[in-house]
Amino acid sequence: MAKIETPRPIRGTQDIFGTEAEAFAHVVETFERIRKLYRFRRVEMPVFEKTEVFSRSLGETTDVVSKEMYSFEDRGGESLTLRPEFTAGIARAYLTDGWQQYAPLKVATHGPLFRYERPQKGRYRQFHQLDAEILGAAEPQADVELLAMADQLLKELGIAEGVTLQLNTLGDAPSREAWRMALVEHFRESRDALSEDSQERLERNPLRILDSKDPRDKALVHEAPRIDDFLSGEAERYFLQVTEGLDAAGVAWHRNATLVRGLDYYRHTAFEFVTDRLGAQGTVLGGGRYDGLIETLGGPHVPAVGWAAGIERLAMLVADARKLAIDALDVILVVEDDRALRVAQQSLAQLRRAGFSADIVASGSPRKRFDKAVKAGARVILSFTFDEEQDQAVRALRGPDEWVEKIDAIVLPLVLAQGQ
RNA sequence: GCGAUUGUAGCUCAGUUGGUUAGAGCGCCGGUUUGUGGUACCGGAGGUCGCGGGUUCGACCCCCGUCAAUCGCCCCA
């Protein structure tokens, strides 16, 4: 007889369980609470979109679009793509669902995203992000508000220590373009001294050379032209207002003039919250301003800012910090004699209805059940045995008096009512 | 796509320079002890040693291939 082979999980997907799942839920719950404090509206977005939603807005040459998208044809022959990020889909909805009427609009969401990449620590093919966006707001105050929210989120998760906010400006479109050309010129001069990867980047995405980890590149990056020398007066003023706003809001930040973002649509403010506690995947939350994005989807000029945070990465930090409350179990029921099973089941149902978290041990060798119950770590152990003389089940409780009292008030009447 | 490391019981791992029938702890199941008890002991189920080739009288061990996981490069949250 042929053995049935168990299907394996898809590479880069995760089955999250136990402490990790609790940490994951804790991150999402904290985010939900905080986004309400900042008055961000909850939105639910589709997990897939027409491929062009992403290919147009992220830039055809970016790695995400050119080699990391899960794209497929549906039965109608249309090219669809599992979302690799939230922003593009939200921008699309802003146009197609008439959200322009609510501008400036603050929205928040979270859920799974998909990128075909080699999995490693803190990086998965199906991963999960929190996301917050402000659409239709050109003021630096919007950037500040978003960053303050991110900062508070990390603090309330108890993981702010060792996480720093790296902040930069990419300038407006003319500033960014002038800087880009100067960078290309600078790196071309010493092209042969660059790493192989960076020689490639020089053609495709020269800004990325700036945050290369290769020591050969680092030397050249050190002497590279800085964005500050290319900022227009307006761009400079904008950045100043952001940093002053952060100072006023009490959000600590560090200028990082070599911080760039991977996607084409970013302008002005760019930022990352970074830690060194997660190996190579140190970015825990990242985003910036994307004033040009909505135009690439055929819409009007709509200034916007947003960020996304990796839930898995946040959850790993939370778990490290052991900030999680263990599952509270109020009462564990033990059926030490199967003749007491009915009363136990009755009690279990009533206790749960009364709001106690409760579980039951009623299988395996009866003489070993009590030990199992003890190991469950409940506040109260409620044991059911059978009295031969009275010919009925009897209960016994152990635990702190106030708990025993409350629980017995529910259980005792059920025991007394047996057989009536 | 590239590199490094690792694949032995449900889990965590031993397994000598290649040598009889591959082990332990935990967990699970059963029994004994105790008898209001987180004890101790005994027993049981569970392995094609990731998969496929090769070398050898003989492979968990050596060689090749392959798959997977982990970590890193790239890229990103």
Side-chain angles (χ1 to χ4, degrees), chain A residues 3 5-14 17-18 27 31 58-59 61-69 83-87 110-132 150 153-154 163 195-198 200-201 204-205 207-209 211-214 217 259-263 266 270-275 278-288 306-317 332 334 336 361 363-378 381-385 394-399:
Chain A
K3 191 183 167 190
E5 199 162 321
T6 306
R8 310 313 306 169
I10 306 296
R11 162 170 262 197
T13 62
Q14 339 165 56
F17 175 79
V27 168
F31 174 69
L58 305 192
T61 60
T62 57
D63 279 27
V64 171
V65 171
S66 61
K67 53 187 194 198
E68 295 174 3
M69 293 206 301
R83 63 185 181 197
E85 60 136 40
F86 278 114
T87 309
H110 63 82
L113 303 170
F114 305 84
R115 294 215 295 232
Y116 191 88
E117 296 183 276
R118 194 69 176 263
Q120 63 188 68
K121 188 180 176 69
R123 196 176 76 184
Y124 308 94
R125 287 187 173 177
Q126 177 180 334
F127 59 107
H128 302 80
Q129 285 187 348
L130 311 171
D131 186 88
L153 173 68
L154 298 179
V163 179
S195 67
E196 294 74 18
D197 283 333
S198 283
E200 178 76 16
R201 283 191 274 239
R204 222 178 61 242
N205 200 348
L207 268 56
R208 296 236 61 108
I209 299 176
D211 56 8
S212 168
K213 289 172 189 164
D214 195 298
D217 298 334
L259 174 72
V260 294
R261 312 252 64 232
L263 308 175
Y266 286 104
F271 53 85
E272 284 181 6
F273 285 81
V274 181
T275 178
L278 290 179
Q281 262 60 250
T283 304
V284 120
L285 184 153
W307 56 249
I311 300 178
E312 287 88 350
R313 293 183 188 178
L314 293 173
M316 281 191 247
L317 294 175
I332 182 81
V334 208
E336 299 198 73
V361 178
S363 62
S365 166
R367 44 199 328 163
K368 291 190 175 168
R369 292 178 193 173
F370 193 90
D371 284 351
K372 270 198 216 171
V374 169
K375 285 180 186 164
I381 299 175
L382 168 53
S383 123
F384 290 94
T385 47
V394 293
R395 96 280 176 250
L397 291 86
R398 264 189 21 165

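Chain letters run A, B, ... following the sequence lines, proteins first and then strands; every chain starts at 1.
Residues meeting the side chain to side chain donor-acceptor pair (under 3.5 Å) test with A:R208, sequence neighbours left out: A:D211. Legend: residues meeting side chain to side chain contact (heavy atoms under 4.5 Å, CB included) with A:D371, ordered by chain and number and at least two apart, are absent. Scored by the side chain to side chain contact (heavy atoms under 4.5 Å, CB included) test, A:P366 finds A:R369 as partners (sequence neighbours excluded). Annotation: side chain to side chain donor-acceptor pair (under 3.5 Å) contacts of A:E272 (sequence neighbours excluded): A:R261, A:T283. A search for side chain to side chain contact (heavy atoms under 4.5 Å, CB included) contacts involving A:D197 returns A:S195, A:R201, not counting sequence neighbours. In this structure, the ring-ring contact (aromatic ring centres under 6.0 Å, His included) partners of A:H128, at least two apart in sequence or on a different chain, are A:F24. Partners of A:E68 according to the side chain to side chain contact (heavy atoms under 4.5 Å, CB included) rule, which considers only residues two or more places apart in sequence or in another chain, are A:D63, A:V64, A:R115, A:E117.
Residues A:S363 and A:R367 each lie close to RNA chain B; by heavy-atom proximity, the contact nearer the 5' end of the strand is made by A:S363.
If you take atom C1' in B:C73 and the same atom in B:C61, they sit 32 Å apart, rounded to whole Å. With P as the reference atom, B:A59 and B:U6 are 23 Å apart, rounded to whole Å. Taking atom P on both B:G47 and B:G10, the two are 7 Å apart, rounded to the nearest angstrom. Remark: the separation of the C1' atoms in B:U20 and B:C57 is 14 Å, to the nearest Å. Using atom P as the reference point in both B:C67 and B:G52, the two lie 15 Å apart (nearest Å). For the P atoms, the distance linking B:U36 with B:G43 amounts to 29 Å, nearest Å. Comparing the same atom, C1', in B:C13 and in B:G7 gives a spacing of 13 Å after rounding to whole Å. If you take atom C1' in B:U48 and the same atom in B:A9, they sit 13 Å apart, rounded to whole Å.
A 4.5 Å side-chain heavy-atom check between A:V27 and A:L153 finds every atom pair outside the cut-off. Residues A:F31 and A:I311 have side chains not in contact (no heavy-atom distance under 4.5 Å, counting atoms from C-beta outward).
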Name the pairs: protein N/O against N/O of nucleotides 37-40 of chain B, kept only if under 3.5 Å.
{"unit_1": "B:G37", "atom_1": "OP2", "unit_2": "A:R398", "atom_2": "NH1", "d": "3.2"}
{"unit_1": "B:G37", "atom_1": "N1", "unit_2": "A:E336", "atom_2": "OE2", "d": "3.4"}

Review point. What does nucleotides 67-77 of chain B look like as a protein-contact string, B for base, S for sugar-phosphate only, - for none, at under 4.0 angstrom between heavy atoms?
Key: --S-SBBBBBB

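Distance, A:Y116 OH to B:C2 P: 11 Å, rounded to whole Å. Between the NZ atom of A:K372 and the C1' atom of B:G30 there is a distance of 12 Å, rounded to whole Å.
Across all their heavy atoms, A:S383 and A:F370 have their closest contact at CB-CE1, 4.3 Å. Annotation for A:L259 and A:A270: closest pair CD2-O, 3.6 Å, computed over non-hydrogen atoms.
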Exercise for review: For RNA chain B, produce a single dot-bracket line, 5' to 3'. Pairs: Watson-Crick or G-U wobble, both distances under 3.5 Å. Symbols: ( ) within strand, [ ] crossing, | other strand, . unpaired.
Suggested key: (((((((..((((.....[...)))).(((((.......))))).....(((((..]....))))))))))))....

